[in-house]
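Comments concern the structure below.
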Amino acid sequence: MGDNNTKGMTVSRRQFLLGSAALGGSLLVPGVINRAWAAGSDAPELKEIRVGFIPLTDCASVVMAAVKGFDKKYGITILPSKEANWASVRDKLLSGELNASHILYGQLYGLQMGLSGPQTNMAALMTINQNGQGITLANALHEAGVTDLPALAKHLAASPAGTYTFAQTFPTGTHAMWLNYWLASAGINPLNDIRSVVVPPPQMVMNMKIGNMVGYCVGEPWNQRAISDGIGFTAATSQDIWPDHPEKVLGTRADWVEKNPNSARALTAAVLEASRWIDASDDNRRETAKVIAGRAYLNTKEETIVGRMLGQYDNGIGKSWKDQHAMRFFHDGSVNYPWLSDGMWFLTQHKRWGLLDSDPDYLAIARQVNRIDIYKQAAASVGNVSLPDSDMRSSVLMDGVRWDGSNPAAYANGFSVKK
């Protein structure tokens with residue numbers, strides 16, 4: 001199932017030379033190049049960069065870039081800005097109140113297409129993480145005999161369509177797409193057979209507790225929190241749906257990148273270096289969990305975060321395991337590369353569920369949004385970050401369908417359950 005093709009993640013002499021040329025012939029030595037940038041014409045246009053985040057485990061690299069001082073190495077100060085919900089992230093990005101943000105991959109593409117707000121040209125500077133989201137079902141369903149997806153399908157079929165409410169975090173976002181894909185793989189049409197509502201991540205647990213929904217898809221730690229609070233269980237992880245799937249990106253407006261290319265590169269480098277630091281050891285992950293648990297960030301117990309950060313899962317109804325596709329922040333750079341096929345996938349799902357009326361030029365849009373040029377410059381400045389041989393990767397999702405970006409229209413229109 002996890003047939004992710006990230007072969008060729010190598011740092012070749014040719015790539016080093018290309019990186020050197022792109023950076024004006026500077027020596028690719030971390031530290032030397034940073035000082036050259038900070039002192040010369042490549043200095044960041046902005047000294048302070050306000051970066052939004054939602055209280056989720058996967059905001060960690062943005063927070064730790066600031067806390068550990070990786071931003072200072074690249075001549076900037078990151079000001080993390082805690083936001084209440086994804087709509088707030090959207091509004092503040094578009095108004096310029098935020099320079100950049102930790103943002104849902106599908107939300108960024110929704111803005112590019114005018115689906116989730118006024119059409120605005122956007123930029124994905126890097127992928128922040130893979131994996132680590134989940135689908136939680138209420139204990140009331142477990143008491144009714146629902147332990148997995150086939151049992152859920154049978155249970156839903158016994159009631160009129162729309163009887164049961166499920167929540168996700170933003171209509172074009174990742175969680176809506178994971179929930180839809182998961183349900184549809186069992187023949188459940190998420191547009192007709194359930195009621196779908198939007199709830200901000202930190203409010204999921206309380207809304208389930210008071211009975212507003214029987215299931216939700218969200219990032220951690222809000223799936224583990226449902227188990228800790230005794231109100232739900234993990235029916236699926238997002239990596240069950242797509243092993244090593246893209247999740248959040250470091251996103252901004254395209255015009256901000258054009259006006260501040262050096263700042264964009266410095267910001268990407270700082271978050272990339274933080275990503276590598278987090279993934280370097282379990283001790284670093286534990287330290288990260290302790291930091292982000294604080295009131296300024298997630299405002300929850302450290303133990304709610306750290307287990308799943310380390311890949312230690314318990315679904316709350318008797319199954320525990322070490323997850324081979326737990327949340328990743330770096331993984332030798334394969335997490336962070338802004339693969340064109342990753343961006344295109346979200347467009348295929350927007351088309352599948354009727355958010356797009358017709359097939360767009362999938363590849364052209366991904367080439368516009370995913371700023372591989374900025375990412376490669378940032379990777380060169382950080383040093384020893386592997387780059388792939390291709391801008392596409394292939395994966396096999398839970399239903400056995402392969403995605404490689406080669407024929408996106410056929411893929412989008414090939415599902416039996418769709419709008």
Side-chain angles (χ1 to χ4, degrees), residues 4-6 8-9 15 18-19 22 51 58 61-62 93 99-116 119-130 172-174 177 242 244-258 260-261 263-265 267-269 271-272 275 328-331 333-351 356 359-380 382 385-395 403-406 408 411-412:
N4 293 295
N5 179 13
T6 52
M9 293 294 296
Q15 285 162 343
L18 284 172
V51 184
D58 54 29
S61 55
V62 168
L93 268 181
N99 302 125
S101 190
H102 155 255
I103 189 172
L104 300 159
Y105 215 138
Q107 182 182 12
L108 191 84
Y109 268 74
L111 284 167
Q112 179 70 31
M113 303 304 293
L115 304 177
S116 51
Q119 192 285 322
T120 308
N121 288 338
M122 304 301 290
L125 301 176
M126 62 179 279
T127 303
I128 285 179
N129 70 295
Q130 292 175 346
T172 63
T174 53
M177 299 305 115
W242 177 358
D244 300 338
H245 67 80
E247 180 52 38
K248 308 299 189 301
V249 291
L250 184 60
T252 184
R253 300 190 322 276
D255 64 355
W256 187 84
V257 179
E258 298 315 310
N260 304 284
S263 303
R265 183 199 61 235
L267 173 62
T268 306
V271 177
L272 180 58
S275 302
R328 292 172 173 170
F329 292 92
F330 182 67
H331 203 60
S334 64
V335 169
N336 312 108
Y337 193 82
W339 308 88
L340 298 180
S341 51
D342 284 1
M344 292 162 65
W345 186 86
F346 289 101
L347 290 176
T348 69
Q349 299 308 296
H350 294 164
K351 173 63 172 63
L356 290 169
D359 288 295
D361 189 334
Y362 293 93
L363 183 57
I365 293 165
R367 281 179 170 152
Q368 181 181 348
V369 175
N370 288 26
R371 293 301 300 268
I372 291 172
D373 56 334
I374 298 286
Y375 177 80
K376 286 184 173 179
Q377 292 171 22
V382 172
V385 176
S386 297
L387 297 172
D389 296 328
S390 169
D391 296 335
M392 302 284 206
R393 64 183 183 125
S394 65
S395 311
W403 166 247
D404 60 13
S406 61
Y411 179 87

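Bear in mind the structure is a predicted one, so any value in this text is a computation, not a measurement.
Rounding to the nearest 0.5 Å gives a distance of 4.5 Å between CG of Leu104 and OG1 of Thr174. The structure places CD1 of Ile365 at 9.5 Å from CE of Met344, a figure rounded to the nearest 0.5 Å. Rounded to the nearest 0.5 Å, atoms CD1 (Ile372) and CG (Leu125) are 12.0 Å apart. Note that the CD1 atom of Ile128 and the NE2 atom of His102 stand 5.5 Å from one another [nearest 0.5 Å]. To the nearest 0.5 angstrom, Met126 atom CE is 9.0 Å from Leu267 atom CG. Distance CG/Asp244 to OG/Ser334: 7.0 Å, rounded to 0.5 Å.
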query = What do the steps show when you test Tyr105 against Met177 for side-chain contact (heavy atoms from CB on, under 4.5 Å), and what is the final call?
reply = CA-CA 11 Å; Tyr105 215 138; Met177 299 305 115; over 6 Å; no
Worked verdict on Thr252 versus Asn99 for side-chain contact (heavy atoms from CB on, under 4.5 Å) = CA-CA 7 Å; Thr252 184; Asn99 302 125; 5.6 Å; no
message = Run Ile103 and Val249 through side-chain contact (heavy atoms from CB on, under 4.5 Å) and show every step you take.
response = CA-CA 6 Å; Ile103 189 172; Val249 291; 3.6 Å; yes
Derivation and outcome, side-chain contact (heavy atoms from CB on, under 4.5 Å), residues Leu347 and Lys351 = CA-CA 6 Å; Leu347 290 176; Lys351 173 63 172 63; over 6 Å; no
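Remark: the backbone N or O of Met392 is not paired with any side-chain donor or acceptor of Asp404 at under 3.5 angstrom. Between the side chain of Asn370 and the backbone N or O of Trp339 there is at least one donor-acceptor pair closer than 3.5 Å. With hydrogens and angles disregarded, no donor-acceptor distance shorter than 3.5 Å links the side chain of Asn260 to the backbone of Ser263. A distance-only check finds no donor-acceptor pair linking the side chain of Trp256 to the backbone of Ala123 [under 3.5 Å]. With Ser61 contributing its side chain and Val271 its backbone, the two residues share no donor-acceptor pair below 3.5 Å. Looking only at distances, a side-chain donor or acceptor of His350 sits under 3.5 Å from a matching main-chain atom of Thr172. A donor-acceptor pair under 3.5 Å is formed between the side chain of Ser116 and the backbone N or O of Leu111. Proximity of a side-chain donor or acceptor of Asn336 to a complementary backbone N or O of Thr127 within less than 3.5 Å is detected.
Contact detail for His245 and Glu247: the closest heavy-atom pair is CE1-OE1, 3.3 Å. Scanning both residues, Pro360 and Met113, for their nearest heavy atoms gives CB-CE, 3.9 Å. Residues Leu108 and Ala124 come closest through the heavy atom pair CD2-CB, 3.6 Å. Of all heavy-atom pairs spanning Pro261 and Ile374, the tightest one is O-CD1, 4.2 Å. Shown here for Ala379 and Leu387, the closest heavy-atom pair between the two residues is CB-CD2, 4.3 Å.
Side-chain contact between Val51 and Leu250 is present, with heavy atoms from C-beta onward closer than 4.5 Å.
Considering only residues two or more places apart in sequence or on other chains, Thr120 meets the side-chain contact (heavy atoms from CB on, under 4.5 Å) condition with Leu94, Met122, Arg253. Annotation: side-chain contact (heavy atoms from CB on, under 4.5 Å) contacts of Ser101 (sequence neighbours excluded): Val89, Leu93, Leu98.
A centroid separation of 6.0 Å or more is found between the aromatic rings of Phe346 and Tyr109.
The aromatic rings of Tyr375 and Tyr337 sit perpendicular, their planes meeting at an angle over 60°, well past the 30° parallel limit.
Of the N and O atoms on the side chains of Gln119 and Asn121, at least one donor lies less than 3.5 Å from an acceptor on the other residue. Side-chain contact annotation: Tyr411 with Trp345, donor-acceptor N/O pair under 3.5 Å present.
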